[in-house]
Every structure is written in structure tokens, then in C-alpha cells.
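First comes the structure, then the notes that go with it.
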Amino acid sequence: MNVHNMMEEAVQDLLDSQWQYLNLSCHCDECRADVLALSLNRLKPHYVRQRTGLMYTKAGLMTEQSRATILTAIVESAKIVSASPHHSQTSDERHK
Ligand SMILES: [Zn+2]
């Protein structure tokens, strides 16, 4: 069985474009993965059977409304991760 969550793709894309503007205490890959996971937990998944030939734009995930919803989830998640990064201070230093 091969299903694909289009929401994951949409969140990753938006996270890519907004990452540098997010107000985070740390911008390392670990924190980024945390923000992605938290955001996805807040959003409704959008599964499609096959990824090929169906972009998420067609799945209706890039309307202004959807973008706003996804961005809100990302910003909220960023606040949580920023307040308590899951990694130690040392790896924080490493990524500076
Ligand atoms: Zn970090």
C-alpha cells in the first residue's frame, strides 16, 4: 500500500520558505524536524493514493485559506519548540 500525505509536502514547502523568518531560539535541523512534526499533528492530513501527477496545489492545499491555516500551525509549533528545544545546549552551540 502506497499512500502519501499531501499535507506533509505542503507544510515542508511552507516551512522551507518561512524558516528564516520564524522567531526561533535555534534554527538547527533537529528543531526544524520538531516544528514539522508538531505542525503536522495540528493539521488534518490529506492522503492521496499516488503522489505522481497530483500536486498538492490540485489537492486544494495552497489556497489562501489553507496557507494561512498551515502557517498558523507552523508559527504556533515554532513557539513551542523555541521555548523548549528537545536537544541539549551543546548541540545548540554546534549549530550556531
Ligand atoms: Zn536546535
Side-chain angles (χ1 to χ4, degrees):
M1 292 291 248
N2 205 357
V3 292
H4 184 76
N5 183 5
M6 294 305 259
M7 183 55 87
E8 195 179 319
E9 207 154 304
V11 173
Q12 284 205 40
D13 267 17
L14 215 56
L15 192 56
D16 271 351
S17 59
Q18 299 301 319
W19 184 239
Q20 57 186 314
Y21 306 114
L22 291 173
N23 188 20
L24 276 146
S25 57
C26 173
H27 280 82
C28 78
D29 284 349
E30 267 184 83
C31 289
R32 188 192 172 102
D34 279 344
V35 173
L36 176 64
L38 274 175
S39 302
L40 283 169
N41 282 339
R42 286 164 172 266
L43 296 159
K44 212 171 135 224
H46 189 105
Y47 290 104
V48 291
R49 197 160 63 88
Q50 258 189 337
R51 189 185 169 184
T52 34
L54 180 69
M55 293 297 292
Y56 59 78
T57 44
K58 287 180 188 162
L61 292 177
M62 273 296 129
T63 60
E64 282 303 312
Q65 183 61 52
S66 298
R67 276 179 67 96
T69 306
I70 295 169
L71 198 56
T72 302
I74 290 175
V75 169
E76 288 299 312
S77 304
K79 273 187 213 161
I80 295 168
V81 173
S82 190
S84 57
H86 285 172
H87 55 68
S88 65
Q89 211 55 42
T90 45
S91 79
D92 214 21
E93 290 298 319
R94 204 177 345 123
H95 288 288
K96 258 173 196 163

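Note that ligands are numbered from 1 as they come in the structure, with each ligand's atoms numbered from 1 the same way.
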For the Zn ion (ligand 1), does an N/O/S atom of C28 lie at less than 2.8 Å? yes
Partners meeting side chain to side chain contact (heavy atoms under 4.5 Å, CB included) with L36 (sequence neighbours left out): V11, Q12, L15, L40
Taking only residues at least two apart or on different chains, which pairs with a member in residues 64-75 satisfy side-chain hydrogen bond (donor to acceptor under 3.5 Å, both in side chains)? T63-S66
Would you say the side chains of Q20 and H27 form a donor-acceptor pair under 3.5 Å? no
Look only at the side chain of S84 and the backbone of V81, and say whether a donor-acceptor pair between them is shorter than 3.5 Å. no
Rounded to 10 degrees, the angle SG of C26 makes with SG of C31 at the Zn ion (ligand 1): 110°
Examine all N, O or S atoms of H27, backbone included, and report whether one is under 2.8 Å from the Zn ion (ligand 1). no
Among the N, O or S atoms that H87 has, which is closest to the Zn ion (ligand 1)? NE2
